[in-house]
Amino acid sequence: MERHGLGRRLALGGGLTLLAGRSVAAFAHQAKHHAAHQHPVLHKPAVLRQAPPPKPVVMLDPGHGGKDPGAIGISGTYEKHIAEAAAAELRQQLLATGRYQVVLTRDTDRFIPLEGRVELAHRHKAGLFISMHADALHDPGVRGASVYTLSSGASDAQTAALARTENSADRFAGPAFHGVSPEVQQILASLVTEETRRGSAHMASSVVESFRPKIRLLTNPARHAAFVVLKSADIPSVLVEMGFMSNRLDEAALGKRAHRAEITLAMRSAVDSYFAGMATAAG
């Protein structure tokens with residue numbers, strides 16, 4: 001009887017010892033966990049060696065859209081549809097190279113004020129802005145492609161008239177966005193940095209050289225005027241006229257996917273040349 005009681009006391013003591021051991025272990029674990037949260041172990045930050053530079057952003061701007069049809073061709077073709085189709089094709093070709101990020105100001109038939117297009121380019125931190133058009137002139141005999149950069153004065157009377165037409169697009173935008181006066185256009189043009197001017201001129205030259213073998217060009221195809229859509233102070237910007245809807249032959253050609261593909265292939269080549277030249281200059 002006494003031996004039995006002694007056994008129970010020993011068992012009880014052993015159990016208490018075991019519980020005490022478990023409590024100490026649990027306390028130690030909690031203390032370690034608390035210390036880790038109070039004083040986390042700091043690891044050396046990983047260093048990415050030879051990380052590829054970010055891809056430049058190319059902003060494509062199909063002209064007009066929505067309630068603004070742009071020029072209407074002799075057979076009824078809308079400029080806004082031609083511009084949208086060509087920009088979508090160029091986007092695919094640029095993305096296929098794997099060298100660029102490409103953003104469209106619009107990928108549906110909607111109206112965007114000129115100021116809004118420039119704002120989008122800044123929001124996406126574009127490295128290049130290309131506005132795509134197929135406008136109309138008073139002379140239906142004029143045909144061929146051309147490219148335009150920003151200037152406070154126009155290179156010729158034809159370009160001045162074209163700029164007035166383009167800048168009046170905001171008449172569709174309501175009272176907040178009426179056409180910018182010539183005085184304001186000159187002020188905006190004067191704010192563009194010399195570096196941006198050089199970049200725009202370089203891109204315009206690349207477009208002309210890429211077009212020359214296959215795409216019909218105007219005489220003196222690199223022109224300039226006070227286009228509001230090109231007014232960004234720090235983003236090289238060009239406006240490409242792929243042809244004129246006022247010319248029957250240009251309108252017919254631009255309505256064909258094969259001809260637009262030739263134009264956009266040449267424009268892709270121009271973008272490649274532009275960025276290759278910029279990389280060489282930076283190096």
Side-chain angles (χ1 to χ4, degrees), residues 48 50-66 70 78-112 114 116-134 145-149 196 199-200 202-215 229-230 232 234-243 253-283:
L48 294 177
Q50 298 180 341
K55 297 176 183 178
V57 177
V58 179
M59 174 69 76
L60 303 180
D61 173 44
H64 309 281
Y78 283 12
E79 178 189 0
K80 65 176 182 178
H81 295 147
I82 296 297
E84 184 181 333
E89 174 67 22
L90 179 54
R91 176 180 180 273
Q92 291 303 315
Q93 292 184 19
L94 290 172
L95 289 175
T97 69
R99 292 191 286 268
Y100 312 107
Q101 300 178 63
V102 186
V103 185
L104 297 174
T105 55
R106 67 177 184 90
D107 56 7
T108 57
D109 184 14
R110 66 191 183 97
F111 176 78
I112 304 174
L114 300 178
R117 296 168 191 263
V118 178
E119 182 184 338
L120 282 168
H122 282 278
R123 188 184 307 167
H124 289 279
K125 299 181 177 168
L128 180 64
F129 179 89
I130 304 174
S131 196
M132 302 176 68
H133 292 260
S146 48
V147 58
Y148 301 83
T149 54
T196 303
S200 300
H202 178 197
M203 180 58 190
S205 176
S206 296
V207 172
V208 170
E209 290 307 309
S210 297
F211 275 12
R212 202 178 290 284
K214 292 184 178 180
I215 309 300
V229 78
L230 302 181
S232 173
D234 55 357
I235 303 173
S237 305
V238 296
L239 186 151
V240 177
E241 289 287 354
M242 299 175 285
L254 288 167
K256 295 175 182 176
R257 185 173 182 179
H259 181 71
R260 294 197 304 272
E262 280 192 341
I263 289 175
T264 52
L265 277 169
M267 290 180 68
R268 185 191 74 181
S269 177
V271 172
D272 288 342
S273 296
Y274 169 78
F275 282 107
M278 296 300 288
T280 301

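Everything numeric here is computed off the predicted structure, so don't read it as measured data. The chain is numbered in sequence order, starting from 1.
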For A83, what residues pass the side chain to side chain contact (heavy atoms under 4.5 Å, CB included) criterion, not counting sequence neighbours? P62
D107: which residues meet the salt bridge (Lys or Arg N to Asp or Glu O under 4.0 Å) condition with it, sequence neighbours left out? none
Listed by chain and number, what are the side chain to side chain donor-acceptor pair (under 3.5 Å) partners of S206, not counting sequence neighbours? none
Counterpart residues, salt bridge (Lys or Arg N to Asp or Glu O under 4.0 Å), relative to R110 (two or more places apart): none
Contacts of type side chain to side chain donor-acceptor pair (under 3.5 Å), residue R123, not counting sequence neighbours: E119
For K80 and E84, what are the C-alpha separation, side-chain angles and deciding distance, and is it a side-chain contact (heavy atoms from CB on, under 4.5 Å)? CA-CA 6 Å; K80 65 176 182 178; E84 184 181 333; over 6 Å; no
Can you name the residues that form a side chain to side chain contact (heavy atoms under 4.5 Å, CB included) with A86, not counting sequence neighbours? M132, M242, R260, T264
Anything under 30° is parallel, anything over 60° is perpendicular, the rest tilted; go ahead and classify H64 against H133. perpendicular
Which residues share a side chain to side chain contact (heavy atoms under 4.5 Å, CB included) with V103, sequence neighbours left out: V57, M59, H124
Sequence neighbours excluded, the answer for ring-ring contact (aromatic ring centres under 6.0 Å, His included) partners of H259 is none
Taken in chain and number order and not counting sequence neighbours, the residues that satisfy salt bridge (Lys or Arg N to Asp or Glu O under 4.0 Å) with R257 are none
Quick one: side chain to side chain contact (heavy atoms under 4.5 Å, CB included) partners of D272, sequence neighbours excluded? R99, Y100, R268
As a quick check of understanding, evaluate side-chain contact (heavy atoms from CB on, under 4.5 Å) for L60 and V102, giving each step before the final call. CA-CA 7 Å; L60 303 180; V102 186; 3.8 Å; yes
Once salt bridge (Lys or Arg N to Asp or Glu O under 4.0 Å) is applied, do any residues pair with E241, and if so which ones, sequence neighbours excluded? none
Under the side-chain contact (heavy atoms from CB on, under 4.5 Å) rule, what do V238 and V240 come out as? Steps first, then yes or no, please. CA-CA 6 Å; V238 296; V240 177; 4.3 Å; yes
Go through V271 and M203 one step at a time and tell me if the side-chain contact (heavy atoms from CB on, under 4.5 Å) criterion holds. CA-CA 7 Å; V271 172; M203 180 58 190; 3.8 Å; yes
Taking side chain to side chain donor-acceptor pair (under 3.5 Å) as the definition, give me every residue that meets it alongside S200, ordered by chain and number, with sequence neighbours left out. none
